[in-house]
Amino acid sequence: MKYVNDFSVAIAEQLEGVLSEEDIKSIIEVPKFDQQGDLAFPCFVLAKKLKRSPVEIAQQLADQVHYPGFEKVVADGPYVNGFLNKQMVSRDVLTTVMTQDEEYGSYDFGKDHNIVIDFSSPNIAKPFSMGHLRSTVIGNSLAKIADKCGYSVVKVNHLGDWGTQFGKLIVAYKLWGDDDKIQADPIKELLELYVKFHEEAEKYHELESKAREWFSKLEAGDKEALNLWEWFKGESLKEFSKIYQLLNVEFDSYQGEAFYNDLMDETIEKLHQNGLVTTSEGAEVVNLDEYQLPPCLLRKSDGATLYATRDLTAAMYRYKTYQFEKSIYVVGHEQSLHFNQLKSVLEKGEYSWAEKLTHVPFGFILKDGKKMSTRKGKVVLLEQVIEDAIRMAKENIEDKNSNLQDKDEVAKMVGIGAIIFHDLKNERTSNVEFSLDDMLRFEGSTGPYVQYTHARAKSILRKSEVKSDTSGIEGLTDDYSWPVIKSIEKFPQIIVKAFEYYEPSQIAKYLIDLSRDFNKYYANVKILNDDEQLESRIALVRSVTIVLKEGLRLLGIKAPDNM
RNA sequence: GUCCCGGUAGCUCAGUAGGAUAGAGCAACAGCCUUCUAAGCUGUGGGUCGCAGGUUCGAAUCCUGCUCGGGACACCA
């Protein structure tokens, strides 16, 4: 923030080169407690250099530093604490936000660069699990954040539409399948077939080899196998698109694994030319000893290609097609090794863009402390959870605001907002225990809390006569508006942080903080009071709505004006 | 066995370039709606930051060892 610059310049003036302005800037921090001021300069480093007591130095600096942007500068033990001029800063911040509106916090450092984000990527013929939800909402949010930073974003849904599971499914279908049942509820039926297959396969091992047989047929282009595959895929996509519509997620490409089938030989051939491929135990592999990694398998001893081959092919295809600056994979953290191998193979092959690949892992959703397993049918269906959330949101509306218009529309925004926010508020990499109660909570640090804060603020704006105009903003000096102002001022930095760490949770946490600050303000200050600061207070409220709405948008959540 | 994550309040988690007195939400208890939406606000209780060393003026944060939990480790994706 620019006030850090001002502070470091003011301090640098007094130090006569003992520390550079850059150094000072990097030392400056935000005090832990409000009463300690807005910016602090700890004097420990200086004490060492000057061989004097830090307390003494702080005292001297505090007496000498003067800058019109500060109300006062005081020494507090070994710290020099600066108190910003509230009137001036608040006027600046509010004017900026209202002028820039939804562009506030936007950057253009990503201009003219493409980012490919691979996310969601559900498996065909399997239900859309909570795990896929994580990939979907994280990826979707990262796409919006990257766009906010100026990048051109390509959102890729790398569908799991190929692999031996289709062999299993075909076998199961032929043995126990019922067309009518599948038509009626495809995902559920296909899942049951899949689960049944694994149950039966434990007793009758020949099922496994039958499945491999059918998958080979599929790869060879067998008519019957292909038709079944098309059918399963079509039904699955119908189901998925329902969910994407609810979550308001869109993709630029649905090129899944099957798309790369014809390019696989070419990939292996290229790697051969680079001299990377060796044969081991009948399989074609790339040795990665120098990276301290196990070898990467490209082709099984029976001639079939593997997951790694497909991902290598996809990476090459994407680089050729999009010339990406970054290629991000939002995939569960259990696949870290796979992506390390992927990157290492490309590095070894001297593909200069290998370093542009980034695996953005996330922890999984646990059930009773363990990973959920599709094979055993131990999954919680996302669609069910979404329905529950919307229904509960509706009940809340009937209960608290039954005169509301568009109840169903708002219930949808709130219910889904709760689910998405719940998923994004925690650090990506931590595993989370599945808890329906937590997901459907609308109080405390939740999406609906932020939405509610936004709706209250909007409600005030509807009641005020003040025009959306910056000329009357004089600035605010009270204690309750100050945390709100400082919070609003931080928004642009939060976006950069969220982008650099690939962490939407940074934004989610920020929105909770801002909402809390604003709710305190709301509870303690009469906003619609006709005095000379009315326009400034309204500007504050308006700025809060702008930031909350934009922040929620970056998470993929809608902000109703009324709830 | 090797490698990668993680262990902070009863529960879920913040604390990301080492800094002042350890922070929220939930749950529990006690308050606040004739005034801008109570999905809110205010207060109370609750902690050997997994354990032990080390580096430092200063460690929840960095290093080492141990321990517990999860994950990955060649023909699945």
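Keep in mind it's a predicted model, so treat the numbers as computed, not measured. Each chain gets a letter, A, B and so on, in the order its sequence line appears, and its residues count up from 1.
- Distances shown here put a side-chain N or O of A:Lys463 below 4.0 Å from the OP1 or OP2 atom of B:U37.
- The side chain of A:Arg462 has B:U37 as its nearest neighbour among B:U21, B:C57, B:U37.
- One can place CD1 of A:Ile512 at 19 Å from P of B:U12, the figure rounded to the nearest angstrom.
- Note on A:Asn340: nothing from the nucleic acid sits closer than 4.0 angstrom, heavy atoms only.
- In A:Lys210, the NZ atom is not crowded: 12 or fewer heavy atoms of neighbouring residues, nucleotides or ligands sit closer than 6.0 Å.
- Salt bridge status for A:Lys467 with A:Glu535: absent, with no side-chain N to carboxylate O gap under 4.0 Å.
- Straight-line distance from the CD atom of A:Glu56 to the P atom of B:C57: 19 Å, rounded to whole Å.
- Proximity of the aromatic rings of A:Phe259 and A:Tyr317 is defined here by a centroid distance below 6.0 angstrom, and this criterion is met.
- B:C32 atom P lies 19 Å from atom OH of A:Tyr522, rounded to whole Å.
- In this structure, A:Ser445 does not reach the B:G25 phosphate: none of its side-chain N or O atoms is under 4.0 Å from OP1 or OP2.
- Distances from the side chain of A:Lys509 to the nucleotides B:U42, B:G15, B:A77 place B:G15 closest.
- Ring-base stacking between A:Phe33 and B:U21 is satisfied, the centre separation being under 5.5 Å and the plane angle under 30°.
- Considering CZ of A:Arg456 and CG of A:Asn519, their distance stands at 5.0 Å, rounded to 0.5 Å.
- B:A72 is paired with B:U2 under the Watson-Crick or G-U wobble criterion, all donor-acceptor distances under 3.5 Å.
- The C1' atoms of B:G18 and B:A59 are separated by 6 Å, rounded to the nearest whole Å.
- Contact annotation: A:Arg516 does not reach the phosphate of B:A24 (side-chain N/O to OP1 or OP2, under 4.0 Å).
- Contacts of A:Pro31 with the nucleic acid, taken as non-hydrogen atoms under 4.0 Å apart, include base atoms.
- The NE2-P distance, from A:His454 to B:C36, rounds to 20 Å in whole Å.
- Taking side-chain N and O atoms only, A:Lys400 has a distance below 4.0 Å to OP1 or OP2 of B:A39.
- A:Phe421 has its CZ atom 12 Å from the C1' atom of B:A24, to the nearest Å.
- The nearest whole Å value for the distance from the CD1 atom in A:Ile494 to the P atom in B:U16 is 13 Å.
- The listed nucleotides are B:G15, B:A20, B:A77; the one nearest the side chain of A:Asp76 is B:A20.
- The side chain of A:Ala40 lies closest to B:A20, out of B:U37, B:G71, B:A20.
- Here A:Leu297 lies in heavy-atom contact (under 4.0 Å) with a base.
- For A:Asp478 and A:Arg537, the salt-bridge test fails: no basic side-chain N is under 4.0 Å from an acidic carboxylate O.
- Backbone-only engagement by A:Leu337 is indicated by non-hydrogen atom pairs under 4.0 Å involving sugar-phosphate atoms exclusively.
- Across all strands shown, B:G58 has no partner, as no Watson-Crick or G-U wobble contact with both distances under 3.5 Å is found.
- The phosphate of B:A77 (OP1 or OP2) has no side-chain N or O of A:Tyr307 nearer than 4.0 angstrom.
- Taking side-chain N and O atoms only, A:Arg456 has a distance below 4.0 Å to OP1 or OP2 of B:A38.
- For the atom pair A:Ser487 OG and A:Asp517 CG, the distance stands at 5.0 Å (nearest 0.5 Å).
- More than 90° away from 0 lies the glycosidic angle of B:C49, which makes this nucleotide anti.
- In this structure, A:Asn426 atom CG and B:U16 atom P are separated by 16 Å, rounded to whole Å.
- Figure legend: A:Lys168 and A:Phe197 shown without cation-pi pairing, the cationic atom not lying both under 6.0 angstrom from the six-membered ring centre and within 45 degrees of its axis.
- Spacing between atom CG of A:Leu342 and atom C1' of B:A77 amounts to 13 Å, rounded to whole angstrom units.
- Side-chain proximity of A:Lys48 to B:U56, B:A20, B:U42: nearest is B:U56.
- Of the candidates B:C57, B:A17, B:U37, B:U37 carries the atom nearest the A:Ser459 side chain, counting heavy atoms from C-beta on.
- Proximity note for A:His333 (side chain, C-beta onward) versus B:C41, B:G15, B:C4: the nearest is B:C4.
- A:Val410 comes within 4.0 angstrom of nothing in the nucleic acid, heavy atoms only.
- Judged by Watson-Crick or G-U wobble contacts below 3.5 Å, the nucleotide B:C41 has B:G31 as its partner.
- Between A:Tyr449 and B:A38, a side-chain N or O to OP1/OP2 separation shorter than 4.0 Å is absent.
- Within the nucleic acid shown, A:Gln35 comes within 4.0 Å of at least one base atom, counting heavy atoms only.
- Between A:Tyr329 and A:Phe339, the distance separating the two ring centers is shorter than 6.0 angstrom.
- Within the nucleic acid shown, A:Gln506 comes within 4.0 Å of at least one base atom, counting heavy atoms only.
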